[in-house]
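From a predicted model like this one, the values you see are computed outputs, not experimental measurements. Scope of the values below: all heavy atoms of this structure, side chains included, with no hydrogens, waters or symmetry mates.
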Amino acid sequence: MLSLTIKEVSLALREGKISPIELCRKCLKRIKKTQHLNAYITVTEELALKQAEEAESRLLQGVYQGSPKGILDGIPFAVKDNFCTENIRTTCASRMLKDYLPPYNATVVQKLLDQGAVLVGKTNMDEFAMGSGSTDGVFGPVRNPWSYAAPYREQSGGADDDCDWVITGGSSGGSCAAVTSLTSFLALGSDTGGSTRNPGALCGAVALKPTYGLLSRHGLIPLVNSMDVPGIVTRSTSDAAIVLEVLQGRDLKDSTTVQSPTSHAGFSEDFDVHNLCVGIPKEYHAPGLSQETLAHWSRLADLLEGAGARVREVSLPHTQHSIVCYHVLCCAEVASNMARFDGLEYGHRSTEDSSTDAMYAASRHEGFNAVVRGRILSGNFFLLQQNYERYFLKAQQVRRLIAEDFEHVFSAGVDVLLTPSTLSDAASYSNFILEDNRTRSTQEDVFTQSANLAGLPAVSVPTALSSRGLPIGLQLIGPAFQDGMLLSVAHWIEQRVGFPSISNYEVPNK
Ligand code: GLN
């Protein structure tokens, strides 16, 4: 039951074949069984059961009268812990917000609740969504469900669990682990530089970063306002299209949102790739790209070409600057965003009381981890009067050039770009936390950050298991507001590659 798609489970609920309460109980039980993954920070058991009961009374009547709230009525979902949830602890995996209870729901959360979806919990992440591992939160690292499935276990020789598990990627690792370990049918992530697509690729989930402005950011605790978007994590492309349709659209509480385009976001399950023009950006043959990921990338390009698509090499010449450009702009916006956490209005307050300034400094020092503090410091440095032109202004100009690279290829007839999502499959935790691999993980964002700098839609779709038995994802990037077309192409790929569900290999207990 837990491995059904949203479409299937929605139908089964409406036909009375599954009861929402039973479904909710099963998810909660599975959350307990997979606790070792550390995917959830807060499990909203009581609330979930109450919401499931309400869905049950609607749906049971519905068998005769048809009164479900929406397509997601009775379906369990999870939310990354940087989206505000009314009276439910929202921590950003930080000591700073350890006990924060928001007084309202983020718009995207509210939209899911309005459909009757059942909130099972808030998911783990890197502190304030800064990171690519989901290893940096105050609640500890998230473990990749595939670490415990047979394909990886067989390859790693069944070595000791405690040092051998692999990371989920990040920063939305909890959401991706929740969806792929079958504890929820969909989850919200956030994507500022790749945080939904990166863990999506490493955990074998479909991970959509919608066009900037298509989904409301109201209630998403900001990292980089000019790049943040709510991300959608599901187990299939059709499910992602369903969720996208529910979430998209103008929100008066977020002035950067726009009216959604066509219904169902232009998604089609029988999209014809004949004559589709697929661009392969040559700069994405980046240093550190694994042979295996490269081979899958070429295999997929051949598959599309064999089916009649026109596949051609394109150039995005400013790609090489995206990491540095992202870094400057990210830190600058972080410095300004984090100013609100002063120990007075929100979150952690130090006991230091010798002066107001000392209280501010101590609260921020105790509340934020070293990654967050480092970005605040860098950001304030970039924004100093004497540095502003040299760093911030320059980075904004480079950002424009990166966006123009995409405009050029799309206006020259390319419909969609096919790229890797990450450099390789997931690193083991012990490798990832070594200093040089951290640097590597920053480099890895080279495939994902440009789409955020340009505001474009991008989706990571699982395509294969590596020789280590771990998921490999590929990414599609499209023109603004072509999210539906992007999911249609992703669906075409999904149908052909036959990526296995983790339910084929029962996830054993730790
Ligand atoms: N890895 C990137 C960073 O740490 C992206 C984070 C994100 O998308 N939230 O900034």
S.K.: Drop me the distance from S488's OG to I493's CD1, to the nearest 0.5 angstrom.
M.R.: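 So the gap between those two atoms works out to 11.5 Å.
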S.K.: Is Q291 atom CD crowded by more than 12 heavy atoms from other residues, nucleotides or ligands, each under 6.0 Å away?
M.R.: no
S.K.: Out of the candidates C92, P222, P230, only one should pair with N82 under the side-chain contact (heavy atoms from CB on, under 4.5 Å) rule; please name it.
M.R.: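 When side-chain contact (heavy atoms from CB on, under 4.5 Å) is applied between N82 and each of C92, P222, P230, only C92 qualifies.
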S.K.: Is the shortest heavy-atom distance from the side chain of D483 to the side chain of Q248 under 4.5 Å?
M.R.: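 No. Closest side-chain heavy atoms not under 4.5 Å.
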S.K.: Tell me, do K253 and S216 make a side-chain contact under 4.5 Å, heavy atoms counted?
M.R.: no
S.K.: Q475 and side chain to side chain donor-acceptor pair (under 3.5 Å): which partner among T448, N198, T419?
M.R.: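 Among the candidates, only T419 passes.
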S.K.: Verify side chain to side chain contact (heavy atoms under 4.5 Å, CB included) between C325 and Q449, making sure each step is shown before the conclusion.
M.R.: CA-CA 10 Å; C325 173; Q449 281 173 351; over 6 Å; no
S.K.: Is the backbone N or O of L289 less than 3.5 Å from a side-chain atom of T293, with the two atoms forming a donor-acceptor pair by type?
M.R.: no
S.K.: Please give me the minimum heavy-atom distance between A117 and F77, naming the atom from each residue.
M.R.: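 Minimum heavy-atom contact is CB-CD2, 3.5 Å.
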S.K.: Side chains of D251 and T257 only: does a donor on one sit below 3.5 Å from an acceptor on the other?
M.R.: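 Per modelled atom types, D251 and T257 side chains form no pair under 3.5 Å.
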S.K.: Is there a donor-acceptor contact under 3.5 Å from the side chain of T168 to the main chain of R143?
M.R.: no
S.K.: Check whether any side-chain N or O of W146 sits under 3.5 Å from a backbone N or O of C203 as a donor-acceptor pair, and report yes or no.
M.R.: yes
S.K.: Once you round to the nearest 0.5 Å, how far does CZ of R58 lie from CG of L13?
M.R.: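 One gets 11.0 Å once the value is rounded to the nearest 0.5 Å.
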S.K.: Can any side-chain N or O of D239 pair as donor or acceptor with the backbone N or O of T5 at less than 3.5 Å?
M.R.: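 Pair absent, no side-chain N/O of D239 close to backbone of T5.
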S.K.: Any side-chain heavy atom of R197 sitting closer than 4.5 Å to one from D191?
M.R.: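 Yes, at least one pair of side-chain atoms sits under 4.5 Å.
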S.K.: Is there a side-chain contact between R312 and C277 (heavy atoms, below 4.5 Å)?
M.R.: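 They are in side-chain contact.
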S.K.: Is R400 salt-bridged to E407, going by a charged N under 4.0 Å from an acidic O?
M.R.: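 Yes, this pair counts.
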S.K.: Please report the closest heavy-atom contact between A307 and W492, naming both atoms and the distance.
M.R.: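 Taking A307 first and W492 second, the nearest heavy atoms are CB-CZ2, 3.3 Å.
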S.K.: When you measure from the side chain of Q51 to the backbone of L119, do you find a donor-acceptor pair of N or O atoms at a distance under 3.5 Å?
M.R.: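 Side chain of Q51 to backbone of L119: a pair is present.
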S.K.: Out of S195, S190, S175, which one pairs with K80 under the side chain to side chain donor-acceptor pair (under 3.5 Å) rule?
M.R.: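 With K80 as partner, S195, S190, S175 yield a single side chain to side chain donor-acceptor pair (under 3.5 Å), made by S190.
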S.K.: Who pairs with R399 by salt bridge (Lys or Arg N to Asp or Glu O under 4.0 Å), at least two apart in sequence or on another chain?
M.R.: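 In terms of salt bridge (Lys or Arg N to Asp or Glu O under 4.0 Å), with neighbours along the sequence ignored, R399 is linked to no residue.
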S.K.: Going through the checks in order, is the side chain to side chain contact (heavy atoms under 4.5 Å, CB included) test met by F410 and L417?
M.R.: CA-CA 9 Å; F410 290 134; L417 297 166; 4.0 Å; yes
S.K.: Which pair of heavy atoms, one from S132 and one from D126, lies closest together, and at what distance?
M.R.: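 Smallest heavy-atom distance, with atoms named: N-OD2, 3.6 Å.
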S.K.: Quick one: do R217 and D228 make a salt bridge, cutoff under 4.0 Å?
M.R.: no
S.K.: Are E269 and K7 close enough for a salt bridge, meaning some N to O gap below 4.0 Å?
M.R.: yes
S.K.: Can you find a pair of side-chain heavy atoms, one from L247 and one from L188, that are under 4.5 Å apart?
M.R.: yes
S.K.: Is there a donor-acceptor contact under 3.5 Å from the side chain of N124 to the main chain of N38?
M.R.: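 A pair under 3.5 Å: yes.
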S.K.: More than 12 foreign heavy atoms under 6.0 Å from CZ of R25: is that the case here?
M.R.: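 Atom CZ in R25 is not packed in, count stays at 12 or less.
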S.K.: Rounded to the nearest 0.5 Å, how far does CZ of F83 lie from NZ of K122?
M.R.: 9.5 Å
S.K.: Do any N or O atoms from the side chain of S134 and from the backbone of G173 form a donor-acceptor pair under 3.5 angstrom?
M.R.: yes
S.K.: Return the minimal non-hydrogen interatomic distance between G169 and L202, and the atom names on each side.
M.R.: CA-CD1, 3.7 Å
S.K.: Checking E292 now: which residues fulfil salt bridge (Lys or Arg N to Asp or Glu O under 4.0 Å) with it, not counting sequence neighbours?
M.R.: none
S.K.: In terms of ring plane angle, is the pair F267 and H491 parallel, tilted or perpendicular, where the classes change at 30° and 60°?
M.R.: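 Rings of F267 and H491: perpendicular, as their planes differ by over 60°.
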S.K.: Closest heavy-atom contact between V414 and G279?
M.R.: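 It is CG1-N, 3.7 Å.
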S.K.: Check the pair L72 / F185 against side chain to side chain contact (heavy atoms under 4.5 Å, CB included), numbers first and verdict last.
M.R.: CA-CA 10 Å; L72 300 177; F185 289 82; over 6 Å; no
S.K.: Taking the side chain from D415 and the backbone from L276, do they hold a donor-acceptor pair closer than 3.5 Å?
M.R.: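 It does not hold such a pair.
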S.K.: If only side-chain N and O atoms count, and only distance matters, is there a donor-acceptor pair under 3.5 Å linking Y429 with S147?
M.R.: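 On atom types as modelled, these side chains do not qualify, holding no pair under 3.5 Å.
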S.K.: May I ask you to decide if A309's main-chain N or O and N275's side chain share a donor-acceptor pair within less than 3.5 Å?
M.R.: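 Absent.
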S.K.: I'd like to know whether NZ of K69 has more than 12 heavy-atom contacts from other residues, nucleotides or ligands below 6.0 angstrom.
M.R.: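 Atom NZ in K69 is crowded, with more than 12 foreign heavy atoms closer than 6.0 Å.
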S.K.: For the CG atom of D405 and the OG atom of S315, what is their distance to the nearest 0.5 Å?
M.R.: 7.0 Å
S.K.: Does the side chain of V229 come within less than 4.5 Å of L215's, by heavy atoms?
M.R.: no
S.K.: Any side-chain heavy atom of T183 sitting closer than 4.5 Å to one from L37?
M.R.: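 Of all side-chain heavy-atom pairs linking L37 with T183, none is under 4.5 Å.
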S.K.: Enter the distance from I477:CD1 to L486:CG here, rounded to the nearest 0.5 Å.
M.R.: 8.5 Å
S.K.: Taking the side chain from R30 and the backbone from S181, do they hold a donor-acceptor pair closer than 3.5 Å?
M.R.: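 Such a contact is found between R30 side chain and S181 backbone.
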S.K.: Could you report the tightest heavy-atom contact between L23 and P76, atom names first, then the distance?
M.R.: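 Where L23 meets P76 most closely, the heavy atoms are CD2-CD, 3.6 Å.
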S.K.: M125 and T123: side chain to side chain contact (heavy atoms under 4.5 Å, CB included), yes or no, with the steps?
M.R.: CA-CA 7 Å; M125 55 188 280; T123 59; over 6 Å; no
S.K.: Going from CG on L453 to CZ on F406, what distance comes out if it is rounded to the nearest 0.5 angstrom?
M.R.: 8.5 Å
S.K.: Any side-chain heavy-atom pair from T34 and Y148 closer than 4.5 angstrom?
M.R.: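 SC-SC contact between T34 and Y148 ruled out.
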